[in-house]
Each structure stands twice: as C-alpha cells, then as structure tokens.
Amino acid sequence: MERPYNFEKIESKLQCKWEQEGVFRVSEDSERPRYYVLEMFPYPSGRIHMGHVRNYTIGDVVARYKRMQGFEVLHPMGWDAFGLPAENAAIKHGTHPAKWTYENIDYMRSQLKKLGFSYDWTREIATCHPSYYRWEQLFFLEMYEKGLVYRKLSKVNWCESCSTVLANEQVEDGECWRCGTKVVEKELYGWFFRITAYADELLKGCDKLSGWPDKVLTMQRNWIGRSDGARIIFPVADREGENLTVFTTRPDTLFGVTFVSIAPEHSMVMTLAHGTGQEQAVKDFLAKWTVIPSKERLESKEKEGVWTGAFAVHPLTSEKVPIYVANFVLMEYGTGAVMAVPAHDQRDFEFAQRYGLPIRVVVQPDNIQAEKMTEAWDGPGRLVDSGEFNGIDNEEAKAAIVERLKAKGLGEPTVAYRLRDWGISRQRYWGAPIPIIYCSRCGIVPVPRDQLPVELPLDAQLDASGRSPLPRFEPFYKTTCPKCGGEARRETDTMDTFVESSWYFARYTCPDETSMPLDRKRVEKWLPVNQYIGGVEHAILHLLYSRFFTKVLRDLEWLSVDEPFENLLTQGMVLKEGAKMSKSKGNVVDPDEMIRRYGADTVRLFILFAAPPEKDLEWSDHGIAGCHRFLQKLWRIVTANAEGLRTADTSQSALEQAVLFSTALKALRRKTHQTIAKVTDDIERRMQFNTAISAVMELINEVHGCLGSCSMNAAFLSVMREALDAVLILLSPMVPHITEELWCVMGHAESITKASWPQADATLLDANEVKIAVQVNGRLRGEVTVPKTASQEEVLAAAHKNEAVKRHVEGKVIRKVVYVAGRLLNVVVQ
RNA sequence: GCCGGAGUGGUGGAACUGGUAGACGCGCCGGACUCAAAAUCCGGUGGGGGCAACUCCGUGUCGGUUCGAUUCCGACCUCCGGCACCA
C-alpha cells in the first residue's frame, strides 16, 4: 500500500548503488556509438552554487538521455584548480593554497554526488596536480620550438590588487575582471602564445560551427576583428630611405589625404622631429600622452596632436603632407600610422578642424562641399579630384588604387586583425610553472623534457603582501643551466589558468595516461565533444582559447580534429529577485539547503522547468514547492496502485484489447504516445526541458483524471501501466532517483538506467476525429468535429450547421474559403 | 556609435513551418474533507460590456503584407548582452 516519499533515503540509497555498480563508468571498447557530453568544469571555490546546479543538471539530462538512446557516453568531471582565489584564501586563513583547494574539491565533489549526476568519477582530473600540468609544460616547449611561444617586453595590463598581469580579455571596462580594481599600464617581459597566427583559421572556422549559438559566433568574429585593407608606403620628404607605412581600409580615399598621423609610441616619432625645431613640442606632447595609461587615454575622446616638423610624400601625387603625432592612433593596431582623410573619416575630420588642416572631398555621393561639411562622409560615391580614377565607384576604386600602388612598389593589399597575441605570464604562485631557465651565458634555455615536470614547490610560503613567493624562494628558482651547467635561474612566473582549461576536454579521454599527454587513439575515439554546456560569460575567453589550442595540438600531432566542441549550449544565469545571486546582495539560495528540504530530484526538476536553458532563470520558492508537489503526486499515483500495476499486462495485444470499448482509454493511450514523441523531440532537437516536463505533467493529469472516472479493471491497468512506464522513463534523465525507485515499485527487475528510450507508435498519434476551428473573416466563431479523412466540402458543410457560424454567414456572399487540413477553416464573406 | 537578443495575464513561461494566443506551473478566488488547521481533492481565473446567449478589446508603439500576424516587412520606444578612436 501507500508509503511516504522519503526522498532523502531513496536518493542516498541509489547514489550508493550506482557508484558501487559503476553504472556510469565508460567502456573504451564498447560496440555502441560514442557520445561525449561535457559541462564546463568548476573552479573549486568552496561550495557549488545554483549556476553549477543548472549547468550540470542540463548536462546530466543529455548524458542520461543519450545513454538510454544506446550511446556509450563519456561524461566526466574535474576541477579548474589553479587560480587566484586559492592564494587570497590561503593568506586570509593562514593555510596553503593546495590544502584549501583540495579540501574544497572534496567538499564540492560530495555536493555533486548528492545531486545524482551520472559522472564517470574514475576520470576525475584536477589541473593543479603535476600529473596534469606537466603536459601543459610539454606543450609549451613544443610550441616554443615551433615559434608559437615568444617572450617580449610589452606594455601590459597590470592589476595592483592582484599584483599580476591581465590578458586583454581579462580587462572589463578598464577594470580587473576578478577584483574590479582599476587596471594600470606597466612594461614587463612576458611570454606570449601566437594566437594571431591562427586568426584567419579561427575566423573561418566560425562558419562551420553550425551547432553554436549565433550570438557566440558573432562575439568571436568581432573579437578577431578582421579588416581587409592595404599597406601604403609614404616616403618621408627630404630623408633618403626613410618611409612611413600606414594601414588603411579605405585606399579609395587616397587622394583625399591631407596629412599623416602616427601613434605617440611609434618608433619613428623622435627621428622625424629631429632637427626640425618641433623637437621640444613633440617631447612635451609625448610626456603628456605616453604616461597616461592607454586605457584612460582612450576615455578622452578629444583629438589632440602635434606636428613632428616632418612631411610625407604622397605616393601617387608626390604632394608633401605634414606628419602629426596624434593621441588617437593606436600602436598595437595596423602599423601604428594612418593616412588621414578628413573628408571621409570622422576622427581625421575632427583633428583637421582643430588644427586647421585642409579637407578634401574625393568620394562624392552627390554634391557635398568641403567648406560646408559638419561631419565626415563615410558612405559610398564616385571618385572626384582623384586623377585617373575620377568617376569610378569608390568600392571599385579600392582595388584599382592598390593595384596602381603595387605597380609602383608603394603598397599592397593586406589584412589587419583586432586580435592580439595571448599573454600568459602571471606573477602568481598558484599556477603551472613556465618551463624556462635563464642563464647569464646561454640566455633563455628551455627546460629539457626529461626534467619535466617543473613542480610547483608546495613548501613555499605566501606572505600577507600577496606577491608570489617564487622569485624569493631559492630552492625553486636556483638551478643549473641545462646547456652549460653553470648557475642559472628559473622563470618564476606561472601560466594563466586559462591555459589549463584550453585542453582539459582532451585529457578526459585518457586521464590515466602517464607516459604522454594524450593517447591519440583514445582522443580520436572521443573528440570532438558532441555537446558542450556552460555559461555565456565564456563566449570569448575560454571558448576562443580552446579552439586555438585544439588547432595547435592538431599541428603538434597530438590530436586530429579542427574544432573541440561540435555543439554548444550557453545557459542563462540563475537570478533571485531579478538579480544575479551574490553574497553582497544577500539573495543566495544554497543548493545544500534546497536538497535537504526537497531532495535532489525536486531541485533538478525545478531548475529545468522554470525556464528554457539559454534564458536567465528566476528562482522561486513557490515554484520549487510546486515541483515537489508534482513528484509527490507521481509517487502517490504509482505507489497507491502498485499492486495492480505490477501485474498489469502490457503486451501489444492486451493494450489493443483494452481500448476497444473505451474512448477514455483510447485517448489515454494516444496521449501516452504523443507525450513520448513530444518529450523525445524536446530533448533531442530543441533542448527545451521546460516544455518536455510540462508535456509529462499533462500526461500525469490525464492518468489522474482517468483514476477518478474509470473503473479499476485489467484493461485500465494495462493502459495506465503503459502510461506510467513512459512517464518514468521520460522523466528519468531529469529526476533519476524517484523514477528509478518507482520503476522498481512497478515490478521492473532491472535498473531504469538500463532501460531503452521508448518510441512513439505513429499509428496511435492521431485520433479518428479531429476538431476544426472555424473562422469567419479570420475571427474564430466555432468549432466542428469531423472524421480525420473529411474533405474541405464536408468540413464546410459541417460548419454551416454550426449556430454561431450560421449567424455570421447568413445573408452574406461567400467570397472565399481557406482550409488548413485538420486544423482550421476560414470562411471569407462580404 | 556599431553588432546581437528580448518585450505575451497578477507571475515563471507556452504557442516549433503564418493557422483556435495564454499549454504547464505558481499565485489568487470559491467549494469538498476536518472540531480546526495542514495535506489532498473538485471548480474558477487576460480585460471590458451583458442576467444570459453572446460580444468587443488584447502579445512594447505606429503602419504594411495576408483570408488569417506573437510569428513576415518598415519605422519607432524600452530593456539586456557584446564591441567600441581598430584607421
């Protein structure tokens, strides 16, 4: 008879059972087709939050669904375990980052286990372990040999509070992405990954990623920022052999050039000014504009500059135009020098107005006059005042002018990217050491491979300053040069933690491999990841780096795919009272607390039901209670009828017999198969779990209705059992514990995780009779029930008998009749 | 400024290919059971008008295409996200 739904007991019992039986362990040599589902691994910050619960619940639904569909599913979990918070916590609590990290991992693992996620825990990895990061050091060395890693002195984004360099991608609105401190500029030596070497492939690859959201692809394309244009050489007047090369996307406006601007950091600035009498003025200008960090410099939109005293020679007209240093020209983009066309570029226009430089219109849409312009014209037109090119459409003129320049050896087509190389050096302790040695005699010497890993010393002590102890920790930095054997010093910077997360998905395929980073055979079996799931906040950083790394590892012959993630789902945030959950706002809902109160199944169900995955989800205390009620109801329906259900006959013939004399049971069977079709489509094609759940709720409502109206006989039990078997299987990827328990209550001997996904019987999906909506002039007036096979004429005849329809049609002329088979009839009258 | 996305009841959301707007859930209202409460069960629930049958209005705003528009097109408003002196 009925027993209470003791979720706590059921969930812990089944979690133990699954673990003991190794239900989710992946088999390498299974005959089944493979499927790899992955969620972005967490940083072990201490406790999981609702965002994690959402991310991992979605992934678990996919994993369990695919397993029941007959796939061998790889569904691993691990820890992105290096990073700054560990250091901060260690300083604050007087502990060690490693201890803090590993303790957090232990606790968070137990939290994930309590949610019943179907991970293969035997493949767990932690990136802070030498068995992981040693391979990253190997990749670094291989990339170094290929010229994909280099060291340079550069202006870097520096966070004073974290005492470290930040990548461009880690600067948000001029502030540190992690702590919000204002980022300042600093000159430092650092190591760079040559991601720009892959700019074009990364860009073109976007077109092939049909399983990614357009939003993410757009962001990546913009970030890479390809511009097609030309390099044009402007010889410096009266200086033999000195040239200034500019980059432009508008070679068509070449004849409108009235001056040239260069960046304050440009190497030629002082040479140009030398001996012109402008030297002091230029020095003053540089003093003002090179100390101000460029981030701040960009905040002032005011165009400012100074003449260098030098002139450039126009490559086609040989006219002399002045060369200015200008605050708005960026050294990092293009060539750090631009040809200025005030009539057709707003920045040049503003600059020209301020310094009284000429404005020359060369692209004419109709009749614009230089003297009357209030802003630059950057639209299309025909060329004027452009010598032999007059009259040509400006788009066509681009190629023609570049062609002309090329013939003279003064220009060529080229491409510029917004993307910069990836600076990976961090002046931090808790990260993977960069495997490089500095020798006063031999210079930069890579650590020989047989000396890997360069282990991070766990006995180094952090002090309150927060600075890395490595540069002062002799046992680490003091070493001998592998080349000359003399005294040498190790690199004490560590790698950006984004390096670890750029290849972990590949390591999951062979985490036990001790002789090499990746076992090609296994990597090839599993990659690419079929479904990747995570927050949209990683749309650029992590996802672009991972794509880059995949291409690098492919070229280093460690794997053979071009792209790491076939399909990407970016899930929305979990909100409370319209805001992201945060300690400071005090609106955090703790997953542990919810699991204790309602159980893991209820938490999972609510988080899937409250919103479609890619949208933000508003947490609702009432909502989760409602989900719990639904599970209670399911529990009651099954347990209260358990005895009858266990013995019910669900053979094909019994089911066919059962519905012969009952339209209610016939309808229930139809609903069952419609629900199977709907839920399968919602999970497989649409990834809309909220509507999948509502479809099952409808089916349960119908079963519940029948319980109140049908007599409890063998026929009813057969049909009810068919319905409830379907309900349990369809819900099992979402609420695995209660469904497994009830599956057993219904008398199934084997675990529901071994059940195969049901298939809808197509012959049962449609009723013999259909309801047709009847409109008059597009307005709904009535409804008629006709046989499924009824023709338009028959439907129309039925409609004419409908009172409401009659009223609106009577005495009027029928102009037209539109019939949508099986759905709707529209009678147009006048 | 440029590029995306979104705007639907009191509320979270549904309507997938232009075809009955508001599925499912929450909340609320009424009823049954109970001494009472909780739980559960039954019924109602977009707005206006009407005793009622019924009828008019309604998917951010204004237009358009169509027999028919939440869906397509144009203009605009609001919110969110990304990029932003990138030549």
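As the structure is a prediction and not an experimental result, all values here were calculated from the model. When reading the values below, keep in mind they use all heavy atoms of this one structure, side chains included, and skip hydrogens, waters and symmetry mates. Per chain, numbering begins at 1; letters A, B, ... match sequence-line order.
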Starting from P on B:C79, measure out to CG on A:L575 and report it in whole angstrom. 18 Å
With rounding to whole Å, what would you report as the distance between B:U59 and B:G22 at their C1' atoms? 9 Å
Rounded interatomic separation in angstrom, taking NZ from A:K812 and C1' from B:C67: 15 Å
Suppose you measure atom C1' in B:C72 against the same atom in B:U66; what distance do you get, rounded to whole Å? 10 Å
Could you pick out which residue, A:Q775 or A:R686, lies toward the 5' side of RNA chain B when each is mapped onto its nearest nucleotide? A:R686
Nucleotide nearest A:R636 (side chain, heavy atoms from C-beta), chosen from B:U40, B:C67, B:C86: B:U40
Report which part of the nucleic acid A:V338 touches: base, sugar-phosphate, or nothing (heavy-atom distance under 4.0 Å, all strands). base
Do A:N826 and B:C67 share a donor-acceptor pair, side chain to base, under 3.5 Å? yes
For the residue pair A:H542 and A:H538, does the interplanar ring angle fall in the parallel (under 30°), tilted (30 to 60°) or perpendicular (over 60°) class? perpendicular
If pairs are Watson-Crick or G-U with both distances under 3.5 Å, what is the dot-bracket string of RNA chain B, marking crossing pairs with [ ] and pairs to another strand with |? (((((((..(((......[....)))((((((.......))))))((((....))))..(((((..]....))))))))))))....
Considering only atom P, compute the distance from B:G47 to B:A52 and round it to an integer number of Å. 15 Å
Winner on side-chain proximity to A:R629, out of B:C67, B:G81, B:C26, is B:C26
For A:H808, report the nucleic acid contact type (base, sugar-phosphate, nothing); a contact means any heavy atom under 4.0 Å. sugar-phosphate
I'd like to know if the side chain of A:Y819 pairs up with that of A:N826 as donor and acceptor (distance under 3.5 Å, no hydrogens or angles considered). no
Report which part of the nucleic acid A:G626 touches: base, sugar-phosphate, or nothing (heavy-atom distance under 4.0 Å, all strands). sugar-phosphate
Measure the spacing between SG of A:C206 and CG of A:L544 and express it to the nearest 0.5 Å. 8.0 Å
Starting from P on B:A87, measure out to CZ on A:R226 and report it in whole angstrom. 13 Å
Phosphate contact (B:U20 OP1 or OP2) by A:R781 side-chain N/O below 4.0 Å: no
Would you kindly give the CG-to-C1' distance between A:D378 and B:C86, to the nearest whole Å? 15 Å
Quick one: which of B:G13, B:G19, B:U20 gets closest to the side chain of A:A611? B:G13
From the options B:C24, B:A14, B:C85, select the nucleotide whose nearest atom is closest to the side chain of A:P612. B:A14
Under the 3.5 Å rule, do the base of B:C56 and the side chain of A:R779 count as making a donor-acceptor pair? no
Classify A:R231 by what it touches in the nucleic acid, base, sugar-phosphate, or nothing, heavy-atom distance under 4.0 Å. nothing
State, to 0.1 Å, how close A:V679 and A:A692 come at their nearest heavy-atom pair, and which atoms those are. CG2-O, 3.6 Å
Tell me what A:D682 touches on the nucleic acid: a base, only sugar-phosphate, or nothing, going by heavy atoms under 4.0 Å. nothing
Would you mind calling B:G9 syn or anti? Take O4'-C1'-N9-C4 for purines or O4'-C1'-N1-C2 for pyrimidines, and syn is within 90° of 0. syn
Rounding to 0.5 Å, atoms NZ (A:K671) and SG (A:C706) come to a distance of 11.5 Å
Nucleotide nearest A:H704 (side chain, heavy atoms from C-beta), chosen from B:A15, B:U20, B:C42: B:C42
Using the C1' atom as the reference point in each nucleotide, state the distance between B:C16 and B:U71 in Å, no decimals. 11 Å
Just call it for A:H344: base, sugar-phosphate, or nothing, with non-hydrogen atoms closer than 4.0 Å on any strand. nothing
CH2 on A:W422 to OG1 on A:T196, rounded to 0.5 Å: 13.0 Å
Confirm from the modelled atom types if A:R250 and B:A87 form a donor-acceptor pair under 3.5 Å, side chain to base only. no
Tell me which one of A:W619, A:F689, A:Y598 satisfies ring-ring contact (aromatic ring centres under 6.0 Å, His included) with A:F606. A:W619
Choose from B:A87, B:G25, B:U55 the nucleotide whose nearest atom is closest to any side-chain atom of A:F247. B:A87
Go through the side-chain N and O atoms of A:W212 and A:D214 and say whether any donor and acceptor fall under 3.5 Å apart. no
Can you tell me how far P in B:U78 sits from the matching atom in B:A69, rounded to whole Å? 28 Å
Quote, to the nearest angstrom, the P distance that separates B:C56 from B:A21. 13 Å
Any side-chain N or O of A:Y333 below 4.0 angstrom from OP1/OP2 of B:A87? yes
Lys/Arg-Asp/Glu bridge criterion (N-O < 4.0 Å) met for A:R347, A:E350: no
Polar atom pairs (N or O), protein with nucleotides 6-10 of chain B, under 3.5 Å:
none

Has the side chain of A:R685 got a donor or acceptor that lies under 3.5 Å from a partner of the other kind on the base of B:C16? yes
Can you tell me if A:H628 touches the phosphate of B:A39, counting only side-chain N or O atoms and a distance under 4.0 Å to OP1 or OP2? no
Minimum-distance pair of heavy atoms, taken over all atoms of A:H266 and A:M331: CA-SD, 3.6 Å
Atom CH2 of A:W223 to atom P of B:C83: distance rounded to whole Å? 6 Å
Categorize A:T218 for me: base, sugar-phosphate, or nothing, with a 4.0 angstrom heavy-atom threshold over every strand shown. sugar-phosphate
Whether A:F259 and A:F351 hold their rings parallel, tilted or perpendicular, with breakpoints at 30° and 60°: parallel
Rounded P spacing from B:G27 to B:C35 in Å: 27 Å
Side-chain contact check for A:I540: nearest option of B:G82, B:C86, B:C24 is B:G82
So, OP1 or OP2 of B:G68: does either fall under 4.0 Å of a side-chain N or O from A:R815? no
Do A:R54 and A:Q571 meet the criterion of a side-chain donor-acceptor pair at a distance under 3.5 Å? no
Could you say whether A:A416 or A:N690 is positioned toward the 5' end of RNA chain B, judged by the nucleotide with the nearest heavy atom to each? A:N690
Which nucleotide wins on minimum distance to the side chain of A:H622, given the candidates B:C26, B:C83, B:A15? B:C26
Would you kindly give the CG-to-C1' distance between A:D621 and B:U11, to the nearest whole Å? 14 Å
Counting neighbours of CZ on A:R823 that are heavy atoms of other residues, nucleotides or ligands and sit closer than 6.0 Å, is the number greater than 12? no
Among the candidates B:A87, B:C67, B:C16, find the nucleotide nearest to the side-chain atoms of A:R347. B:A87
Please give the distance between the P atoms of B:U70 and B:C62 as a whole number of Å. 13 Å
Distance-only side-chain donor-acceptor flag, A:N701 / A:K633, under 3.5 Å: yes
Using a heavy-atom cut-off of under 4.0 Å over every strand shown, decide if A:E618 touches base, sugar-phosphate, or nothing. nothing
Report which part of the nucleic acid A:E783 touches: base, sugar-phosphate, or nothing (heavy-atom distance under 4.0 Å, all strands). base
Please pick, from B:A87, B:C41, B:C3, the nucleotide with the shortest atom-to-atom distance to any side-chain atom of A:N222. B:C3
In this structure, how many angstroms lie between the P atom of B:U17 and the CG atom of A:D681, rounded? 11 Å
